[in-house]
Amino acid sequence: MVKAQLPDFNARIRQHIVEVHIKKAIKRAQDAGDLPKFEIPDIPMIQPRLKIHGDLSFPAMRLAKFAKQNPLDIARVVEKMLPETPLIKKTETVPPGFTNFFLDTSHFKSVFDRNRERRIHEIISDDFSVLKLDIGAYKKAQVEFVSANPSGPITIGHTRGAVVGDAMARLLEAAGYQVQREYYYNNAGNQMVVLGKSLRLRYLQQLGEDLDFPADYYQGEYLVDAAAQLAAEHGASLRTRDWGYFKDAAEERMFEWINRSLASIDIKHDEFFNETSLFESGRIWRTLAAMRDNGHIYESAHWEGAEADEVADVAAKRYEPATWFRSSAFGDEKDRVMVKSDGAPTYTLPDIAYHSDKLERGFDIAVNVLGTDHFTQAQVVKYGLQALGMDPAPIHVIFVQMVRAVRWNEARGEYEAVKQSKRAGDFDTLDHLVEMTSADAVRYHMLARSPNSQLDFDVDQVVKQSNENPVYYIQNAYVRCASILRHAEARGLDDSNANLSLLGDDERFFIDKALYEIYDAIRESVATFEPHHIAFCADELAEIFHPIYERVRVLHSDVPEDLAKARLRFYRASKAIFRYVLQLMGMSAPERM
RNA sequence: GCUCCAGUAGCUCAGGGGAUAGAGCAUUGGUUUCCUAAACCAAGUGCCGCAGGUUCGAAUCCUGCCUGGAGCGCCA
């Protein structure tokens, strides 16, 4: 992986200077014979949690292996050999081997100030190209997410994938990638047949026919609603239509519904890839043929490595031979059926065909957000791509763990899952969730945890917390800035020529910190495919911001005009910073709350 | 049985070799002449699931175990 060029943010510069000095000190100590010769490794500085440990800290313990010496002694030697620099005010070496650096930035003040002023100006005027990373420059990325079957509404489970995927897409864009958002639309296969038949039955019920509704049909109340609508619009005229008609009608409704739901949390896809197109173009069969040409396909009633009892079991079912993919040759625990004995492909074959198409489209990164229940499926698809002679390396799957909507049951003293309710008032769908909380709350809470930890979405708590939670904590930082700017404008205070050298340590710290942290959160999120880092970054910045807001007044009577202008400029930049962070999370930035 | 994920404060979760383990919610007390108190200041809260191991150092890495979840279909 190419290491990105680090931006010259002040916090980064400070850290870099100290690191360079430490390396020099080690080198000198080696030359003087105080340390043995060894290749000097990169030793990242630690940011101490406690102020008494200074601004930066060097853990000499990391060198103990190389130097084969007591870490404390190493640290003392390094400290002694440090080159003189006005940046370092004081150092101290403490057990078990930390050298703590207390920095004096006054000597570099003009450099840092100039740098910061430029950043502030860019942030305000240039819409954050400052924070655009270059790791994705000239590269194409794709994020495939949601991809829910068009057989029902977007559920809470889908919502998590939707939020994670969209945030990932936004972060990739922030990292410089050109990003395409894609929805793989599963509109082929048996499920759609069942959907059509389900709607048809519901429709006939609407016409007063007394019919059993099979348990393996779609039970959702929404199909009853759709049927009622059809009955209202068409009367009994559809009575003789077959399931195909109803399938199309249902699909159209579902498609529209899904998109409306996603739009309500500001999610839009660029591309809907229809599974049916793989059949129409014949790509499925070409894919199978290519796998066969490569020697990975065979016909059999059971897979080649089946145990005796498995064979007997299959024999009892009297299957005709099916078409198997020898995925075990690629490390799978068993082979997989590609075409069933009835001639219909399994879900897996179109999936392989789809992903081969995806790879041919030439993305440098193709992220795929899936529930963990697709773990095995995703593996098989990768084996399939290998069987086609393709390199699946661009594909990165983010597995999001299950999410349950839960609420506290006072009587039983435990959480219980919210029932799959059929009517409004519960939280099993995205629509209900948004209705009861807010789009911003949904986005924040779904994003603000690691994808691979299970999530119990406590609906009551999120509703209750709507007035006092990180969502509003972060947004309020933006609102406070916006408010100051409104008042300043009313008073005619103009900060365009502000003298930013009047800013205090708080404001300087915030700007430096924000640039560093946001950049780092984007880099980390993209590198690990874990977009939740940006949510914690946003929260941390708000936590730093609010106390500053309390202390650093702009329009109060005791603030001289020059100072007020400088501070106004600071808040103008802060406002832009929070807007950017909120935008990365897909949250709104309200001017008032 | 096998594979993957998780177990951290009363609750929901961050942290994922470094010093005294964090945040929000909940609990307790305080703060407002002037830019929104959805805020700020202060206080308490932990066998980091258990047991071994590696290491100068383990919540973090390794092994085993326990608990919860997901997967292991000629389902999608």
Side-chain angles (χ1 to χ4, degrees), chain A residues 46 48-50 52-53 57 59-62 64-65 70-72 94-98 100 149 151 186 188-192 194 216 301-303 314 317 319-324 332-334 336-342 344-348 351 371-377 379 399 401-402 404 406 408 415 445 448-458 461-462 464-473 475-477 479-488 490-491 532-533 535-536 539-540 542-543 546-547 549-559 564 567-568 571 592-593:
Chain A
I46 294 170
R49 277 193 296 275
L50 301 174
I52 56 163
H53 291 139
S57 194
M61 298 80 96
R62 299 273 176 86
K65 278 193 195 68
N70 181 323
L72 192 58
V94 295
F98 289 105
N100 297 328
N149 294 339
S151 54
N186 267 160
N190 192 47
Q191 50 169 350
M192 297 307 289
V194 175
D216 56 351
H302 55 80
W303 79 284
V314 167
K317 290 179 184 165
Y319 279 140
E320 295 296 312
T323 304
W324 294 80
D332 204 355
E333 57 188 17
K334 56 170 291 191
R336 311 283 170 175
V337 171
M338 294 292 104
V339 183
K340 297 182 269 184
S341 47
D342 66 4
T346 59
Y347 176 83
T348 311
D351 214 2
T372 50
D373 51 335
H374 287 75
F375 182 80
T376 305
Q377 174 66 18
Q379 294 284 13
F399 289 106
Q401 296 284 326
M402 294 290 111
R404 296 193 304 164
V406 298
W408 183 254
Y415 278 108
H445 285 98
R449 53 216 74 207
S450 156
N452 51 11
S453 83
Q454 286 168 57
L455 165 55
D456 279 349
F457 198 95
D458 182 335
Q461 204 190 3
V462 172
K464 195 173 68 171
Q465 282 180 23
S466 316
N467 278 343
E468 222 167 295
N469 67 24
V471 178
Y472 298 92
Y473 190 69
Q475 286 179 326
N476 192 32
V479 167
R480 286 180 139 180
C481 295
S483 174
I484 294 172
L485 292 174
R486 271 198 308 275
H487 282 88
R491 283 197 205 178
H532 69 286
H533 293 111
F536 289 91
D539 203 44
E540 190 186 343
E543 203 172 316
H546 284 298
Y549 172 89
E550 301 280 339
R551 288 195 293 269
V552 182
R553 299 281 152 165
V554 179
L555 303 171
H556 283 196
S557 47
D558 56 349
V559 180
R567 289 177 173 179
L568 183 60
Y571 283 111
R592 290 187 166 83
M593 290 200 304

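On a predicted model such as this, the values are computed, not experimentally measured, just so you know.
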Short side-chain N/O contact to [N] OP1/OP2 from [X], under 4.0 Å:
{"X": "A:Arg567", "N": "B:C35", "result": "no"}
{"X": "A:His533", "N": "B:G15", "result": "yes"}
{"X": "A:His374", "N": "B:A76", "result": "no"}
{"X": "A:Tyr473", "N": "B:C40", "result": "yes"}
{"X": "A:Ser450", "N": "B:A6", "result": "no"}
{"X": "A:Lys334", "N": "B:G71", "result": "no"}

Aromatic ring proximity, centroids under 6.0 angstrom, A:Phe399 and A:His374: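 No, ring centres 6.0 Å or more apart.
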For the side chain of [X], counting heavy atoms from C-beta on, which of [options] is nearest?
{"X": "A:Arg480", "options": "B:A39, B:G18, B:C74", "value": "B:A39"}
{"X": "A:Met61", "options": "B:C56, B:C13, B:A39", "value": "B:C56"}
{"X": "A:Glu550", "options": "B:C40, B:C13, B:A38", "value": "B:C40"}
{"X": "A:Tyr549", "options": "B:A37, B:G69, B:C13", "value": "B:A37"}
{"X": "A:Asn100", "options": "B:C5, B:A19, B:A70", "value": "B:A19"}
{"X": "A:Thr372", "options": "B:C74, B:G18, B:A70", "value": "B:A70"}

Under 4.0 Å between any heavy atoms, over every strand shown, what does [X] touch: base, sugar-phosphate, or nothing? Just pick one.
{"X": "A:His556", "result": "base"}
{"X": "A:Gln475", "result": "nothing"}
{"X": "A:Arg404", "result": "nothing"}

Using the [atom1] atom on both, measure [N] against [M] and round to a whole Å.
{"N": "B:C5", "M": "B:A76", "atom1": "C1'", "answer": "22 Å"}
{"N": "B:A23", "M": "B:A43", "atom1": "P", "answer": "11 Å"}
{"N": "B:U8", "M": "B:G16", "atom1": "C1'", "answer": "12 Å"}
{"N": "B:U27", "M": "B:C34", "atom1": "P", "answer": "28 Å"}
{"N": "B:G46", "M": "B:A21", "atom1": "P", "answer": "11 Å"}

Please evaluate the base of B:C74 for a donor-acceptor partner in the side chain of A:Thr346 within a cut-off of under 3.5 Å?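 No such pair is found, so the answer is no.
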Please confirm whether any donor atom in the side chain of A:Arg62 sits under 3.5 Å from an acceptor in the base of B:G17, or the reverse.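 Under the 3.5 Å cut-off, the side chain and the base do not form any donor-acceptor pair.
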Protein-nucleotide distance (A:Asn476, atom CG; B:C35, atom C1'), rounded to Å: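 Atom-to-atom, A:Asn476 to B:C35, this comes out as 12 Å.
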Using purine N1 to pyrimidine N3 plus N6-O4 or O6-N4 for Watson-Crick, or N1-O2 and O6-N3 for G-U wobble, each under 3.5 Å, what pairs with B:G18?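 B:G18 is paired with B:C56.
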Using a strict 4.0 Å threshold on nitrogen-to-oxygen distance, state whether A:Glu550 and A:Arg480 make a salt bridge.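 Salt bridge flag = yes for A:Arg480 with A:Glu550.
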What class does the angle between the rings of A:Tyr473 and A:His546 fall in, given that below 30° is parallel, 30 to 60° is tilted and above 60° is perpendicular?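 Correct class here is tilted.
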